[in-house]
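Below you'll find the structure, written out as structure tokens, and then a few comments.
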Amino acid sequence: MISLSLYFAFLSFVGLWKIKKAGNFEEYFLSNRKLGLFETSLTLASTWVDAAIVLGFAGYCYSFGYEALWIAIPTSMGVYTFSIFFSKRVNLKKNGFTVGEVIRNAYGERVSIISSLFILLYSIALIAANLMAGGYIMESIFKVPFTYGILLTLAFTLSYTVLGGFKKVVETDVIQFFLIIIGLIIVFFFSIKAVGGWSKVREIALTYPRAFSKWEIVSFFIAFSIPFWADPSFYQRCSAARSPKVASLGIAFVGLVDSIMTFISFGIGLAGICILGTTITPDSVLPSVIDALLPKVLKEFVGIAILSAVMSTADSYLLIAGGVIAHDILRSLKVRYLDEVKIAKMGAIISAFLSFLSISIFTDIIDTALFAFSLFVSSSFIPLVIALLSSRKHDFETPSMIGMLAGGATVVIWKLWGLGDTSISVLYGLAVSGVVWLLLLIVQKVKFLKTKN
Amino acid sequence: MVGENLLVFYILEQIFFWVIVIVLNFLIEERSVKGD
């Protein structure tokens, strides 16, 4: 508990020290586009390493051995292809630093508002997933009751995000990044040592049978690579980067950190088989390994490191949610009675409150993240890629709007009616969105040709 | 593709993409990327 109090005191010091009132929205949200390579890379990586990656992938390796890499391979493809094809374009878009704004510039206000509402829901669900993880870490390592743990995590993250904006998020992200890496490396070495070396980990990995069918692997390649081309935190960081090259290298650095995390999670997950047996809930493998192997002081330090991973993702999505409300929704609705920075801050507070309430609806971290992910991709992916790559955007307004609604609605219905595994819902959502988009475009063209004749 | 081959493929994938990133950002002339 002392270490936890010290960590919060330290974060408060960094978060609240030398707070300068943001003059305008661009300063609050993008730190005036002055982010260098070091800050861009670390803030991106720190946001990337979230509850799903830290807790979820270790659990996946525990369950499926080498086959878990069927998720890691497409994830890398998604990140690196964003770096190669999209990051520089996003950085150069001076009038489009949120996903909603890129869509507004391409299709107009109506499509932008719908897209922004989906992005807001996506952000709220991701904040909820990370708050849940914060609650579990507080409960298992620091013995703070679950709900109080969530409230503490939320209160501290919200305070420096709202008061300091993006600049403070970046400063705290840099500290949190090093904490996460050091903490997980400690757990990795303790785990490998406990099972008798890397050769033992390899031995365990080779005992797993094949886990996935060809079609499941195909769905992994679609679901775990394409979505990153539309990731709002990538868009925001690339817009804030000083130059296109900084944006591209910053995203590539995320790929590097992701591969390191993959190896670490792989080692911890498989060592978990030897240390804990085969009956542990996959999501709890990492905290259970920490609890079983580490001495008290180290246990608390690593607990703080994982809490950092959770907070650094929650802070980014709080900022994004506030930005979406102020910059994409209310501005599109011509609400101008308060300045944008104040609305963004109020938006972050409202989103935090909604995230806290939504925790009672979701039961599982990975499921919450998957739902968020599928909803966002199914609704926004097709219009966003066309907005970035095509020059004939005005033709696509109606198809994009209806396709977006159809894709998002498919994922919501899939989840609410329990039609199947959440991880597959992104395929159906994307398929519905794509088919509706294409059909409407054909109808539009036919109508145009008829009136021309 | 099964077992350790997956791990080898994953490592090769990392190397492949980093080579492309380095070539595009450092070794060839900055191509003009269309902004607003």
Side-chain angles (χ1 to χ4, degrees), chain A residues 37 64-97 101-102 105 202 205-212 217 243-253 255-256 258-260 262-263 266 388-389 391, chain B:
Chain A
L37 182 58
F64 302 113
Y66 279 122
E67 297 265 306
L69 291 171
W70 282 124
I71 285 179
I73 291 167
T75 301
S76 284
M77 281 183 183
V79 173
Y80 287 118
T81 46
F82 186 93
S83 166
I84 293 164
F85 297 112
F86 295 98
S87 57
K88 292 183 179 180
R89 286 174 195 272
V90 173
N91 180 266
L92 287 167
K93 277 197 172 289
K94 297 299 175 207
N95 293 318
F97 44 82
E101 203 166 23
V102 172
N105 290 340
R202 277 182 63 198
L206 289 169
T207 61
Y208 282 82
R210 286 190 82 147
F212 305 117
I217 292 168
S243 69
K245 188 193 265 187
V246 166
S248 173
L249 290 173
I251 298 286
F253 182 73
L256 181 69
D258 183 62
S259 64
I260 294 168
T262 299
F263 283 111
F266 184 73
L388 284 172
L389 300 180
S391 55
Chain B
M1 197 160 45
V2 287
E4 273 185 329
N5 290 343
L6 267 174
L7 190 62
V8 174
F9 182 84
Y10 183 67
I11 294 165
L12 289 175
E13 182 197 22
Q14 301 296 315
I15 297 167
F16 170 75
F17 278 118
W18 265 101
V19 168
I20 294 178
V21 167
I22 289 167
V23 167
L24 285 180
N25 284 292
F26 295 107
L27 300 182
I28 61 171
E29 283 291 304
E30 192 73 26
R31 286 183 311 161
S32 62
V33 183
K34 205 179 164 190
D36 282 347

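Naming convention: chains lettered A, B, ... in sequence-line order (proteins, then strands); numbering from 1 in each chain.
With sequence neighbours excluded, the residues that form a side-chain contact (heavy atoms from CB on, under 4.5 Å) with A:Tyr208 are A:Ile204, A:Leu270, A:Ile273. With sequence neighbours left out, B:Val8 forms a side-chain contact (heavy atoms from CB on, under 4.5 Å) with B:Leu12.
Closest non-hydrogen pair, B:Trp18 versus A:Ala252, comes out as CZ2-O, 3.3 Å. Residues A:Lys245 and B:Asn25 share a closest heavy-atom pair of CE-O, 2.9 Å. Of all non-hydrogen atoms in A:Glu67 and B:Leu6, the two that sit nearest each other are CA-CD1, 4.1 Å. Of all heavy-atom pairs spanning A:Ser76 and B:Gln14, the tightest one is OG-NE2, 2.8 Å.
Rounding to the nearest 0.5 Å gives a distance of 3.0 Å between OG1 of A:Thr262 and OH of B:Tyr10.
Interface check for chain B: of the options A:Leu206, A:Leu249, A:Asp258, the most heavy-atom pairs under 4.5 Å are formed by A:Leu249.
Heavy atoms closer than 4.5 Å to chain A are found in the side chain of B:Ile11, but not in its backbone. Using a 4.5 Å cut-off between heavy atoms, A:Phe253 contacts chain B through its backbone alone, with no side-chain atom that close. Within the 4.5 angstrom heavy-atom criterion, only side-chain atoms of B:Ile20, from C-beta onward, approach chain A. In this structure, the portion of A:Ser83 lying under 4.5 Å from any heavy atom of chain B is its side chain and not its backbone.
Using cut-offs of 30° and 60° on the angle between ring planes, the pair A:Tyr80 and B:Phe17 is parallel.
Counting heavy atoms from C-beta outward, B:Leu7 and A:Phe263 have side chains that approach closer than 4.5 Å.
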